[in-house]
Amino acid sequence: MQIILATSNKGKVKEIRALFEKDEVVPFSEILGPMEIEENGGTFAENALIKARTIFEELGRDDVIVVSDDSGITVPALGGEPGIFSARYAGEGAGDRDNLEKLVAKLKEKGLAEAPAYYTAAIAIVAPGAEYVVHGWMHGKVITTPRGDGGFGYDPMFVPEGFDKTLGELKPEVKKELSHRSKALKLAQPIIEMLKKRAVR
Ligand code: ITT
(Lines give C-alpha, C1' and ligand atoms only; values in the text may rest on other atoms or scores of the structure.)
Protein backbone atom coordinates (compact mmCIF):
# COMPACT_ATOMS: atom_id res chain seq x y z
CA MET A 1 0.00 0.00 0.00
CA GLN A 2 1.42 3.36 -1.01
CA ILE A 3 1.85 6.16 1.48
CA ILE A 4 1.26 9.46 -0.29
CA LEU A 5 2.78 12.54 1.34
CA ALA A 6 0.61 15.65 1.16
CA THR A 7 3.58 18.03 1.29
CA SER A 8 5.65 20.08 -1.15
CA ASN A 9 8.42 20.67 1.41
CA LYS A 10 11.53 18.71 0.36
CA GLY A 11 13.00 18.86 3.90
CA LYS A 12 9.89 17.17 5.30
CA VAL A 13 9.88 14.52 2.52
CA LYS A 14 13.50 13.61 3.30
CA GLU A 15 12.87 13.33 7.05
CA ILE A 16 9.62 11.36 6.67
CA ARG A 17 11.20 8.94 4.16
CA ALA A 18 14.08 8.32 6.59
CA LEU A 19 11.55 7.17 9.21
CA PHE A 20 9.44 4.98 6.88
CA GLU A 21 12.33 3.16 5.23
CA LYS A 22 10.34 -0.03 4.58
CA ASP A 23 7.34 1.67 2.95
CA GLU A 24 6.78 3.08 -0.51
CA VAL A 25 6.53 6.80 0.26
CA VAL A 26 5.55 9.06 -2.65
CA PRO A 27 5.15 12.86 -2.57
CA PHE A 28 1.75 13.80 -4.07
CA SER A 29 3.38 16.01 -6.73
CA GLU A 30 4.84 12.90 -8.43
CA ILE A 31 1.25 11.78 -9.14
CA LEU A 32 -0.79 15.00 -9.30
CA GLY A 33 1.86 17.55 -10.27
CA PRO A 34 2.42 20.78 -8.33
CA MET A 35 -0.59 22.09 -6.43
CA GLU A 36 -1.19 24.92 -3.95
CA ILE A 37 -3.41 24.03 -0.99
CA GLU A 38 -4.93 26.91 0.97
CA GLU A 39 -4.13 26.38 4.65
CA ASN A 40 -6.89 28.37 6.31
CA GLY A 41 -7.19 26.41 9.55
CA GLY A 42 -6.59 27.99 12.96
CA THR A 43 -4.38 25.21 14.35
CA PHE A 44 -1.60 22.88 13.20
CA ALA A 45 -4.10 19.98 13.41
CA GLU A 46 -6.70 21.71 11.23
CA ASN A 47 -4.14 22.63 8.59
CA ALA A 48 -2.69 19.11 8.56
CA LEU A 49 -6.18 17.68 8.00
CA ILE A 50 -6.93 20.21 5.25
CA LYS A 51 -3.78 19.11 3.37
CA ALA A 52 -4.31 15.36 3.79
CA ARG A 53 -8.05 15.51 2.92
CA THR A 54 -7.40 17.64 -0.18
CA ILE A 55 -4.84 15.20 -1.55
CA PHE A 56 -6.95 12.15 -0.64
CA GLU A 57 -9.93 13.64 -2.51
CA GLU A 58 -7.83 14.69 -5.52
CA LEU A 59 -6.38 11.17 -5.81
CA GLY A 60 -9.84 9.57 -5.66
CA ARG A 61 -8.31 6.17 -4.80
CA ASP A 62 -9.11 3.79 -1.98
CA ASP A 63 -5.76 1.97 -2.03
CA VAL A 64 -3.68 4.76 -0.50
CA ILE A 65 -2.89 6.25 2.88
CA VAL A 66 -2.31 10.00 2.75
CA VAL A 67 0.01 11.53 5.34
CA SER A 68 0.51 15.28 5.83
CA ASP A 69 2.58 17.39 8.19
CA ASP A 70 1.74 20.85 9.44
CA SER A 71 4.45 22.25 11.60
CA GLY A 72 6.12 25.38 12.87
CA ILE A 73 8.10 27.07 15.58
CA THR A 74 6.62 28.96 18.53
CA VAL A 75 8.43 31.63 20.55
CA PRO A 76 6.45 32.47 23.72
CA ALA A 77 8.47 35.72 24.24
CA LEU A 78 7.07 36.91 20.89
CA GLY A 79 3.48 36.13 21.83
CA GLY A 80 3.65 32.70 20.16
CA GLU A 81 4.95 33.93 16.79
CA PRO A 82 5.40 32.62 14.15
CA GLY A 83 3.43 29.45 15.13
CA ILE A 84 1.09 28.27 12.38
CA PHE A 85 2.41 31.09 10.17
CA SER A 86 6.01 29.77 10.22
CA ALA A 87 6.14 29.05 6.47
CA ARG A 88 4.85 32.54 5.56
CA TYR A 89 6.24 34.62 8.44
CA ALA A 90 8.05 37.02 6.07
CA GLY A 91 5.03 37.11 3.71
CA GLU A 92 3.36 34.86 1.13
CA GLY A 93 5.98 33.16 -1.03
CA ALA A 94 8.77 33.86 1.48
CA GLY A 95 11.67 31.40 1.52
CA ASP A 96 13.22 29.65 4.55
CA ARG A 97 16.01 32.25 4.80
CA ASP A 98 13.59 35.22 4.72
CA ASN A 99 11.50 33.68 7.51
CA LEU A 100 14.57 32.94 9.63
CA GLU A 101 15.87 36.47 9.15
CA LYS A 102 12.51 37.91 10.18
CA LEU A 103 12.55 35.86 13.39
CA VAL A 104 16.12 37.00 14.14
CA ALA A 105 15.04 40.64 13.55
CA LYS A 106 11.97 40.26 15.82
CA LEU A 107 14.12 38.88 18.66
CA LYS A 108 16.64 41.70 18.25
CA GLU A 109 13.81 44.30 18.28
CA LYS A 110 12.89 42.97 21.72
CA GLY A 111 16.53 43.13 22.84
CA LEU A 112 16.74 39.32 23.07
CA ALA A 113 19.88 37.39 22.06
CA GLU A 114 18.02 34.12 22.70
CA ALA A 115 14.60 32.91 23.82
CA PRO A 116 12.92 29.62 24.70
CA ALA A 117 11.12 28.11 21.71
CA TYR A 118 9.55 24.88 20.55
CA TYR A 119 8.67 23.16 17.32
CA THR A 120 5.27 21.50 16.86
CA ALA A 121 4.34 18.93 14.21
CA ALA A 122 0.79 17.77 13.55
CA ILE A 123 0.69 14.69 11.35
CA ALA A 124 -2.65 13.88 9.72
CA ILE A 125 -3.42 10.44 8.30
CA VAL A 126 -6.35 10.07 5.90
CA ALA A 127 -7.48 6.76 4.37
CA PRO A 128 -10.89 5.47 3.24
CA GLY A 129 -13.32 6.17 6.09
CA ALA A 130 -10.51 7.09 8.49
CA GLU A 131 -8.95 10.33 9.74
CA TYR A 132 -6.37 10.72 12.51
CA VAL A 133 -4.10 13.49 13.81
CA VAL A 134 -1.10 13.03 16.11
CA HIS A 135 1.34 15.61 17.49
CA GLY A 136 4.98 15.86 18.51
CA TRP A 137 7.07 18.66 20.05
CA MET A 138 10.74 19.56 20.41
CA HIS A 139 11.79 22.14 23.00
CA GLY A 140 14.90 24.32 23.05
CA LYS A 141 15.82 27.92 22.31
CA VAL A 142 16.24 30.24 19.35
CA ILE A 143 19.36 32.39 18.98
CA THR A 144 20.05 35.48 16.90
CA THR A 145 23.33 34.13 15.46
CA PRO A 146 22.28 31.30 13.07
CA ARG A 147 24.89 28.58 12.57
CA GLY A 148 25.22 25.59 10.22
CA ASP A 149 23.38 24.62 7.07
CA GLY A 150 21.90 21.25 8.02
CA GLY A 151 18.16 20.62 8.29
CA PHE A 152 15.86 23.28 6.84
CA GLY A 153 13.72 26.24 7.85
CA TYR A 154 14.58 27.67 11.26
CA ASP A 155 17.06 24.87 12.11
CA PRO A 156 20.23 27.06 11.95
CA MET A 157 18.84 29.23 14.78
CA PHE A 158 17.35 26.44 16.94
CA VAL A 159 19.35 24.86 19.76
CA PRO A 160 17.60 21.77 21.18
CA GLU A 161 17.39 21.33 24.96
CA GLY A 162 20.53 19.61 26.29
CA PHE A 163 22.74 20.71 23.35
CA ASP A 164 24.91 23.73 22.63
CA LYS A 165 24.85 23.41 18.84
CA THR A 166 22.05 24.37 16.45
CA LEU A 167 20.11 21.84 14.37
CA GLY A 168 21.97 23.35 11.43
CA GLU A 169 25.23 22.09 12.98
CA LEU A 170 24.12 18.80 14.54
CA LYS A 171 24.10 15.56 12.50
CA PRO A 172 20.76 14.57 10.88
CA GLU A 173 20.67 11.49 13.18
CA VAL A 174 20.40 13.81 16.20
CA LYS A 175 17.38 15.60 14.72
CA LYS A 176 15.91 12.22 13.72
CA GLU A 177 16.11 11.15 17.37
CA LEU A 178 14.72 14.35 18.90
CA SER A 179 12.44 16.07 16.48
CA HIS A 180 8.79 17.04 16.76
CA ARG A 181 8.26 15.30 13.39
CA SER A 182 9.92 12.04 14.51
CA LYS A 183 7.89 12.00 17.72
CA ALA A 184 4.61 12.55 15.86
CA LEU A 185 5.54 9.99 13.18
CA LYS A 186 6.29 7.38 15.85
CA LEU A 187 2.70 7.84 17.04
CA ALA A 188 1.50 7.68 13.41
CA GLN A 189 3.29 4.39 12.75
CA PRO A 190 0.87 2.03 14.56
CA ILE A 191 -2.09 3.83 12.96
CA ILE A 192 -0.58 3.34 9.51
CA GLU A 193 0.16 -0.35 10.26
CA MET A 194 -3.45 -0.85 11.35
CA LEU A 195 -4.75 0.83 8.16
CA LYS A 196 -2.49 -1.38 6.01
CA LYS A 197 -3.77 -4.56 7.70
CA ARG A 198 -7.36 -3.37 7.36
CA ALA A 199 -6.84 -2.87 3.61
CA VAL A 200 -5.75 -6.48 2.94
CA ARG A 201 -8.74 -8.10 4.68
P1 ITT B 1 3.70 21.87 3.09
O2 ITT B 1 2.54 22.70 3.59
O3 ITT B 1 3.66 21.63 1.62
O4 ITT B 1 3.87 20.61 3.88
P5 ITT B 1 5.27 24.04 4.20
O6 ITT B 1 6.75 24.31 4.29
O7 ITT B 1 4.39 25.14 3.68
O8 ITT B 1 5.06 22.70 3.33
P9 ITT B 1 4.00 24.22 6.81
O10 ITT B 1 2.87 25.04 6.34
O11 ITT B 1 3.72 23.09 7.75
O12 ITT B 1 4.79 23.54 5.60
O13 ITT B 1 5.09 25.18 7.44
C14 ITT B 1 6.13 24.65 8.20
C15 ITT B 1 7.22 25.69 8.35
O16 ITT B 1 7.70 25.62 9.71
C17 ITT B 1 8.42 25.33 7.46
O18 ITT B 1 8.36 25.97 6.22
C19 ITT B 1 9.59 25.79 8.33
O20 ITT B 1 9.75 27.16 8.15
C21 ITT B 1 9.09 25.54 9.75
N22 ITT B 1 9.47 24.19 10.21
C23 ITT B 1 8.66 23.12 10.44
N24 ITT B 1 9.37 22.05 10.81
C25 ITT B 1 10.66 22.43 10.80
C26 ITT B 1 11.86 21.77 11.06
O27 ITT B 1 11.90 20.49 11.37
N28 ITT B 1 12.99 22.46 10.95
C29 ITT B 1 12.99 23.76 10.61
N30 ITT B 1 11.89 24.47 10.32
C31 ITT B 1 10.72 23.81 10.41
Side-chain angles (χ1 to χ4, degrees), residues 4-19 25-30 32-55 58 66-75 80-104 106 117-126 133 135-143 146-160 163 165-185:
I4 310 294
L5 296 185
T7 179
S8 308
N9 182 316
K10 292 192 173 71
K12 290 183 186 178
V13 172
K14 203 169 156 194
E15 290 183 10
I16 297 171
R17 273 195 163 139
L19 276 153
V25 176
V26 183
F28 78 86
S29 58
E30 286 183 15
L32 298 171
M35 207 171 104
E36 278 293 322
I37 302 172
E38 195 194 345
E39 296 174 33
N40 51 15
T43 62
F44 291 112
E46 281 173 13
N47 283 334
L49 271 172
I50 288 169
K51 291 188 264 195
R53 280 181 189 145
T54 304
I55 296 303
E58 284 288 324
V66 178
V67 173
S68 69
D69 166 311
D70 198 69
S71 45
I73 193 164
T74 300
V75 183
E81 287 186 19
I84 61 166
F85 303 106
S86 293
R88 41 197 156 127
Y89 195 34
E92 287 298 334
D96 277 3
R97 200 71 207 177
D98 306 318
N99 292 326
L100 175 145
E101 280 168 9
K102 172 147 185 202
L103 186 51
V104 166
K106 283 275 185 175
Y118 58 92
Y119 278 117
T120 303
I123 301 285
I125 304 140
V126 174
V133 186
H135 288 81
W137 293 270
M138 172 169 46
H139 290 264
K141 65 181 179 185
V142 281
I143 57 171
R147 299 189 307 253
D149 54 12
F152 66 95
Y154 299 89
D155 285 345
M157 65 182 295
F158 186 85
V159 179
F163 291 80
K165 287 187 175 159
T166 70
L167 284 178
E169 297 171 303
L170 291 162
K171 293 207 172 85
E173 299 80 67
V174 177
K175 185 173 181 193
K176 190 175 170 186
E177 202 54 46
L178 297 177
S179 87
H180 49 311
R181 183 161 300 105
S182 301
K183 287 176 191 155
L185 286 168

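All values reported here derive from a predicted model rather than from experimental measurement. For ligands, and for the atoms within them, numbers begin at 1 and follow the listed sequence.
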Q. According to the interplanar angle, ranging from 0 to 90°, do the rings of H180 and Y119 count as parallel (below 30°), tilted (30 to 60°) or perpendicular (above 60°)?
A.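 Correct class here is parallel.
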Judged by atom type as modelled, is there a donor-acceptor pair below 3.5 Å linking the side chain of [X] to the main-chain atoms of [Y]?
{"X": "E169", "Y": "T166", "value": "yes"}
{"X": "R147", "Y": "M157", "value": "no"}
{"X": "D96", "Y": "G153", "value": "yes"}
{"X": "T7", "Y": "S68", "value": "no"}

[atom]: which protein heavy atom is closest, and how many Å away?
{"atom": "atom 10 (O) of ligand 1", "result": "E39 OE1, 3.1 Å"}
{"atom": "atom 14 (C) of ligand 1", "result": "S71 O, 3.0 Å"}
{"atom": "atom 6 (O) of ligand 1", "result": "N9 ND2, 2.9 Å"}
{"atom": "atom 3 (O) of ligand 1", "result": "S8 N, 2.8 Å"}
{"atom": "atom 20 (O) of ligand 1", "result": "Y154 CE1, 3.2 Å"}
{"atom": "atom 7 (O) of ligand 1", "result": "A87 CB, 3.6 Å"}

Please could you name the atoms of ligand 1 that [X] approaches to less than 4.0 Å, counting only its heavy atoms?
{"X": "T7", "value": "1 (P), 3 (O), 4 (O), 8 (O)"}
{"X": "G153", "value": "29 (C), 30 (N)"}
{"X": "K175", "value": "26 (C), 27 (O), 28 (N)"}
{"X": "S86", "value": "15 (C), 16 (O), 20 (O)"}
{"X": "D70", "value": "9 (P), 10 (O), 11 (O)"}
{"X": "K12", "value": "1 (P), 4 (O), 5 (P), 8 (O), 9 (P), 11 (O), 12 (O)"}
{"X": "D69", "value": "4 (O), 11 (O)"}

(Q) Nearest 0.5 Å, please: how far is CE in M138 from OG1 in T120? (A)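 Reported value, rounded in 0.5 Å steps: 10.0 Å.
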Say whether [X] and ligand 1 are in contact under the criterion: heavy-atom distance to a ligand atom below 4.0 Å.
{"X": "D155", "value": "yes"}
{"X": "S179", "value": "no"}
{"X": "R88", "value": "no"}

Q: Would you indicate whether the side-chain heavy atoms of M35 and I55 approach each other to under 4.5 Å?
A: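 Yes; the side chains approach each other to less than 4.5 Å.
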Q: List the steps and the verdict of ring pair (Phe, Tyr, Trp, His ring centres under 6.0 Å) for W137 and H135.
A: CA-CA 7 Å; W137 293 270; H135 288 81; 5.6 Å; yes
Q.
I'd like the name of whichever of R181, K51, H180 reaches closest to atom 2 (O) of ligand 1 through any heavy atom.
A.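 Ranked by closest heavy atom to atom 2 (O) of ligand 1, first place is K51.
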Q) Using a distance-only test with no angle check, is there a side-chain donor-acceptor pair under 3.5 angstrom linking S71 and D69? A)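 D69 and S71 do have a side-chain donor-acceptor pair below 3.5 Å.
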Q: Check each heavy atom of F152 against ligand 1 and say whether those closer than 4.0 Å belong to the side chain, the backbone, both or neither.
A: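 Within the 4.0 Å criterion, F152 contacts ligand 1 through backbone and side-chain atoms alike.
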Q: Give a yes or no on this: more than 12 heavy atoms of other residues, nucleotides or ligands lie within 6.0 Å of atom CG of N40.
A: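 Counting other residues, nucleotides and ligands, CG of N40 exceeds 12 neighbours.
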(Q) I'd like to know if K51 and E39 make a salt bridge, using a cut-off of under 4.0 Å between side-chain N and carboxylate O. (A)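 Salt bridge flag = yes for E39 with K51.
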